[in-house]
Structures are given as C-alpha cells and as structure tokens.
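Note: hydrogens, waters and symmetry copies are ignored here, and every other heavy atom, side chains too, is used. Heads up: numbering here begins at 1 and tracks the sequence.
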Amino acid sequence: MEDPTTKRRRTPHSPYAPPTPLESTLLNRALANSLKDNHRDVNAVDRIPFGPTFYPSKEEMEGDPLIYLEKVREKAEKYGICKIVPPEGWNPPFALNINCPKRFQTKDQSIHRLQEGISFGDGREYTVKEYQEMATEWSKDWRRRRYDAVEPDSKSSPATTVSSSKKHDDSSRPQASSDTSNDTTIQSPTAKSNPNTMTPYALERDYWDIVEGQSQEVDVDYGNDVDTTELGSGFPMSDWGRSVNSPNFLSNPSTATDGEGAEELEPEFGTEQYYKETYWNLNNIPNSKNSVLRHVKVGINGINVPWLYFGCLFSTFCWHNEDNYMYSINYHHRGAPKQWYGVPGTKADADGVEKVFKNYLSMKLRDVPDLMHHITTFFSPRLLYQEGVKVCKILQNEGEFIVTFPRSFHGGYSLGPNVGEAVNFALHDWIPHAVDANERYRTFARPSVFSHDRLIYTIAHHTDELRTKEICNAVSMELRRLMGEELLLRTKLIRSGVRDVSQDVDLPPNRFDQLDEESADYDDKRLCHSCKHICFFSAVACECSESKVSCLRHSHYMCRCVVKRRYLLVWTTEQEMKETISRVEKRAEEVGYANPSAPSGSSPIQKGPLEDAPGTEKDRTHHRSYEVPVAPICSLEHEVPTLISSDGSCSSSGSRDVPSLKGEAPKPLPLQQPMTVGTYTSTSSTQHHTSAISYSDAHANANNRCDFEGVKPLEDFQISTKDGQPAKHAHPEMLKPQVDVIFKPSDINSTGLKQQDGNDSLEASSDDFSA
C-alpha cells in the first residue's frame, strides 16, 4: 500500500531553449516590418510619380514601332514602363468574336491575400459574354455599395472608409523618414475628387485598403493568359504572312528574309489594310525586321503569339518581369482602365524588389525559392518607395499601349470590365539582359522558353541585320563570352577523364538560319539534367542512361558513375565559333554608331528618386476626375444570369446578405462574409509557364558553377574493353569495336536524341558511328 505521506513528484518543465540564429533573424525581421507598417500611410501611393506618355505622329505610326521605341528609349527606360497614345484617326477593328461559344479558364484571386504569395486556384470557365456579364454586375454592385449611397457633402470619401478596427490615424504617422526628400519632390495634386464618383483615384484607395488593410474579403475571377490561337486575337490577321499564326507565314519575303523595298509595302495609316499589316498590330510586332524574335519561327504562346487578358474590377497582374527579361507591349482593346506600376530594369532596382520580397516573405521563400517566377504576389508600391526603389505608375485607357522594358518589374489591376492583349519582342540592346536571365534560370533550374545560345548564334549569322556598331559590339561580346566558357570547360572535362567522342559520333549540325519547330523539338531533348539549360554547343552523357545529358557545368551532378564512363558530345567546334565572331566583328567595321556621342549605347542611369515625367500633369488630373465606366466591352442581349459562388456568399440576383446603404455612408462587408465574384470549385496550384513548349518548374539542387576539386588527372583512369583487357586512358582512338558507348545512329538523328523506355543501358560498337 502506498505511503500517504509520500509526495508525488511534479514533472519537471523542459529547460528553456533559446531561439536558433535563423529564428532570431526571422523574428527581428518581423518586428521591423511591423514597426514600418504600424501606421500605414494611405496617402503614400498618391505620391508615386507618373511614368512617361508618348504621342507618335501618323507618319511614325506608319513606320516600325521598334524604330520609334529606340527614339524614346533613353527617356522611357529609366521609368521601366511607358505609355504610347496613338494619334487621332487610330481606330483598329475589334476582331475578337464575342459570340464565340468556346470557354476560357480563369484564376480565382483572393485580393485580400495577394501579399501572402499563395497560388491561385481555378476559377469558373466563361465565354466572352458570360465573363462580361459577371464583370459588369460586379462593378455595378461595387459602385452601388460604395459610391451611389454617398451624400455629396460627405466629409469622408468612400475610398477611405474602412472598419472601425482598421481606421488609420494620419496624425500619428511618423513624419521623419528617409523618404522625406521624396515626399517633397512629388507633390500631391490639388484637384479634388468627388466622393460619390468612382474615379481611378478612389478605386486605387479601395484596392489597397483591401490588399493592405484587409478591410474586407474579395475574390475575383481573372481571365489571364488566354490563348489567341484558340479564342482569336483582338487584332485582324495579316494577309501578308507577318504573323506566326498567318496561314501564309514565311511565304512572304517580309517575314522570311526582308528584301529590298519592304518598307514601301506599308499601307496608309487608318486604312483597313493598315490595321492588318502594321507592326503596331500585336500579332505582327515580334516579326518586325528590327525584332530579335523574328528569328523564332515557331509559335510560342505569350512570347511571339499574343495572349488575351479578360479583366474585372480588382483583377490583378502581380509583380513580375518578362520571360528572358524581354520587352513586352500591351494593348487595351476595350473597357475600363488598368492601373499599372513599374520599376526600372536596372540591377539595383531589380535587387531592391527582391529585397522587399525577402523581407516580407522570407518564410515563404524558404519553401518556394522561385516564388517571384510564380506571379502570385502583389504588395503596395509604397513599400518599394520607402525602401528607396524607384517606382512609377501609369493609367492605361482603351486604345493605348503600355511598353515594359527589359528586366523591368511591373504589375497592376483592372478598374472594371476590360479586355487587353500582350506579346513580347526584343531589340538588340536586350542581349545583356538576356544573359542575366539565362544565368538566373540556371540557378533555379527553370527552363527557358527558347535557347539563348541558339538565338545569339542565329543573330550572328544574319549580319546584314546588325545595323549599328552598338549592336555588333553587344553580339560580339556575348559570342566571346560563350566561346570562352565553352572551351575552358571542355578542356577541364577532358583532362578529368571524360572521353571526347566528337570525331567518332556524327551528330547533326546546329542550324543557324532560324529557330523553327524542328529545332525547338531537338533542343527540348538536350536539356541539362541539373539546371535545365539547353546544351546547344556540347553536352556530357554517360553510359548509364540513354536519354540523360548534362551541361558542362553540372556533369558531376548527373550520376554517380566513374568519370571514365562519361563522354563529350560536340555540336559546334572551336573553329566554327571563331569564324562566327570574325564575321560579326567584320560587320562592325562596316557600320557606324547610332549615337556617336554615346558609343556604349546604354541609357544614362537615373540617380535619386523618380519624378513625374514631363507632361503628366493632365494624367494626374484625369486620375482624380475621370469616372470609371462599368459597361461591358460588348452588348449583352439578355439579362444578367444569377451567379452564385461556391460558398453561397455571392450572386447577382441579390441573394447575398448585403446591408442596405441607402441614406448612410457605405460600409465594408463583415470579414465573416467574403465577397466572391464568380464561382470556383478547385484550389489546385496554378501552373506558370509562358511557352507552348512544355516544361516544369522543378527546382534542382544544383550549384551554378563548375566544380572539379578532387577529380583525378586523365592518366590515372582506366577503362575495360569487352574482352577484359584494361585500357590505359580514355582517348578517342580507343573507341574500337569492343568499347561500350550508349548511342546508335538511329538515336542521334536530325530530330534529336530519342528518349526510349526500358533499360537504361545500350551497347553499341564504334562501327555503328560510321557515316
């Protein structure tokens, strides 16, 4: 029996464990961020400067838009984005079939959670008219709730009305900051906005109250990246074969090889033929004779084939820069405006954006290192502004173009129902940015939409298109960089024991005339196993696999086999590289500088904060006074149908539990009642790719370097022949009929390396490699 005097011993508490260095860093960062955002300055976005707007003449609109962009690049590039307003008389036909029965998929965006970097789920599928019905009803509902019930003499703007728990005390904002000089540089306009008018200024405040203040929960369906090959383009199709999607593409000299007198074919501005054939038509601009992408003859969605974008109120295109850091051009066909924000494409500003991502989403980035490529995160430009990152904004109305420059981060949102179209292009000054993009993709094991190396060599083999010395120097510099790295790594690999079989294997030569579908398919079959780089000049393979290859940097990650089992496949020889460089440098002697006063060809770097671009005073006034339309982009022939969200919280028939706002100031919906536009049933992660060439964003644990430490010299290795006799070294001369290799001639053909199922080993003799 237990002694009643015996005391039961208490379980000792676990000793205090101090936080790890990483936990301390994350905690300190979170505290610092909370102090910055303790009092959100709701007026900070108003002080963001406006970007530049340009007004080309009719004569300039009849010419090549890329020539025009070269003229304005020095003024526009320092803002990262610019707006182009066509002259009077510009009225292209809206070629999109609004009665098309085909449906397109949308993404469900939780606007109040855009700062979290979460993936978008799938939204509803819509036809064009169905989306317009939904978007129009949603805008009308927002206007009815937030603006129609406001008294004209109300002292509080509906744009700044938030729940009592989220009101901002402007008087308690810290006044001293490192941005004080910036605040005095950009003066807020004196124009007053009518509190019961739904202006871009008012909607901008509404938007950031939702995103940052989380004043209410809002979900919308965004029709982004809609395939124009399926649904059609908003521009008419070229009769002269200037578009990749034209039935007669490549049959006309202007797209195959621009001949003499190509400029004389340009039709007169404003005519029906003009809108079909002008390079301001987004179907045609990638194939302008001054565009680098004209050499890409295979259609790649979103790159040289436009994408359509169906927007509704607050649908958002998050912070991102373009694939391969290319230029982009966006045209607003019809509907309510879009609010854009842009950051210059300098390394300092791009690094500044990434720094803000890391400061506010450090935990998310640990799980998803390539989060910035997912295009699912949007935070206020005021955070960039207060961190010293240059940022501007532009309001895009229908009939206007927005151009983004290489590496420029940009994002924004729609102010109502609209439809836009966007595509990429590239001038020759893009080449240095392309190098940076290529290296970044290799770091994250992210496949490129096309081979950077192939495109550079294709450009170099069209020397007649290298118009200026600046272009020639840029191409020549990149050719020398590629050749230097290639020859260095080849030498190191051969010395380490990798066999050079280039004299014994008859590989199909690389094509340099154009990048067509056959070339793209071939490139897809020689992706590096580690970094997903396209092995254009050479690759390392191993006897253990029939399909796996590696770039010269990462052959040590390919497999665990001994080095003597690996061998080098060479498509481009050293002599061919040198001849290509010589050809470009000879062309450089024949042409002059485009701008003799600035031989480098680079735009001056803007120092200090950005200011309003010249002539943007009317843009600020328009931003405050313009009443945003809520009409659809097309006529609706029947009443708006009832749209009920999957959680039953929203329908156009008024089934939502919405408080009446008549006669009182508008109030936000309670947080327990999410406002959902459209319906959605899936929460699957969104897939982010911009190419018709399929790829995955798999993250490989590979370093972006070449590591040869600990590799034995060539003479220390031995290989064995089939008869069991040792061979002293792996020299190409040792490739007799007895030596094991992996490819047969049928496996290395004009269409690329065949990927076969089954056993990963294949024996063949050197007789199989005879011509």
Side-chain angles (χ1 to χ4, degrees), residues 33-51 111-112 114-115 146-147 150 154-216 314 339-343 356 360 378-395 411-413 415 608-613 616-626 628 665-666 668:
N33 291 340
S34 66
L35 290 174
K36 289 180 181 179
D37 293 335
N38 187 29
H39 299 288
R40 182 170 68 93
D41 186 356
V42 296
N43 296 313
V45 177
D46 299 341
R47 293 191 289 271
I48 302 298
F50 274 74
I111 305 302
H112 55 287
L114 287 176
Q115 297 183 114
R146 302 284 290 179
Y147 295 92
V150 178
S154 174
K155 296 181 180 180
S156 174
S157 168
T160 59
T161 302
V162 294
S163 60
S164 59
S165 62
K166 296 184 179 293
K167 288 183 179 179
H168 310 291
D169 182 6
D170 292 349
S171 62
S172 63
R173 289 199 309 269
Q175 298 299 319
S177 71
S178 59
D179 299 317
T180 304
S181 60
N182 299 359
D183 297 348
T184 58
T185 302
I186 307 299
Q187 300 293 335
S188 297
T190 57
K192 300 290 185 180
S193 62
N194 191 334
N196 62 345
T197 301
M198 196 168 72
T199 63
Y201 167 80
L203 288 175
E204 185 175 40
R205 293 206 165 196
D206 287 351
Y207 180 83
W208 292 117
D209 276 343
I210 297 169
V211 175
E212 290 196 295
Q214 296 181 333
S215 58
Q216 51 191 293
F314 300 146
Q339 181 66 65
W340 288 71
Y341 303 100
V343 175
V356 174
Y360 287 87
F378 202 49
F379 46 76
S380 174
R382 74 174 182 86
L383 297 179
L384 300 175
Y385 190 71
Q386 70 185 20
E387 292 294 337
V389 179
K390 303 181 187 71
V391 61
C392 70
K393 63 181 178 182
I394 291 178
L395 187 70
Y413 57 91
L415 303 181
L610 292 175
E611 300 180 0
D612 274 347
T616 56
E617 295 83 2
K618 59 182 179 181
D619 291 335
R620 280 198 176 273
T621 302
H622 180 76
H623 195 257
R624 289 241 176 180
S625 60
Y626 174 68
V628 176

Step-by-step side-chain contact (heavy atoms from CB on, under 4.5 Å) determination, D46 to H623: CA-CA 10 Å; D46 299 341; H623 195 257; over 6 Å; no
Side-chain heavy atoms of Y385 within contact of V45, under 4.5 Å: no
S380 side, atom OG; I48 side, atom CD1 - distance, nearest 0.5 Å: 7.0 Å
Min side-chain heavy-atom separation V211-I111 under 4.5 Å: yes
Side-chain donor/acceptor of T616 to backbone N/O of D619, under 3.5 Å: no
Nearest heavy-atom neighbours spanning G51 and A613: C-CB, 3.7 Å
V343 to K390 - nearest heavy-atom pair and separation: CG1-O, 3.4 Å
Student check: side-chain heavy atoms of Q386 and D41 closer than 4.5 Å: no
Residues in ring pair (Phe, Tyr, Trp, His ring centres under 6.0 Å) contact with Y413, at least two apart in sequence or another chain: Y207
Flag, side chain of Q214 to backbone of H112, donor-acceptor distance under 3.5 Å: yes
For C392 against L610, the heavy-atom pair lying closest together: CB-CD1, 4.3 Å
Contacts of E617 that satisfy side-chain contact (heavy atoms from CB on, under 4.5 Å) - sequence neighbours left out: none
Side-chain heavy atoms of Q115 within contact of Y360, under 4.5 Å: no
Distance, nearest 0.5 Å, that separates CH2 of W340 from CG of L395: 12.0 Å
Short side-chain donor-acceptor distance under 3.5 Å, Y147 and D206: yes
Distance-minimising heavy-atom pair for D612 and P49: OD1-CA, 3.1 Å
For Y626, all residues meeting ring pair (Phe, Tyr, Trp, His ring centres under 6.0 Å), sequence neighbours excluded: H622
Nearest-0.5 Å distance, CG of residue L203 to CD of residue Q339: 10.0 Å
Residues that E204 engages under side chain to side chain donor-acceptor pair (under 3.5 Å), provided they are two or more places apart: Y341, K393
Trace of the side-chain contact (heavy atoms from CB on, under 4.5 Å) decision for R382 with W208: CA-CA 10 Å; R382 74 174 182 86; W208 292 117; over 6 Å; no
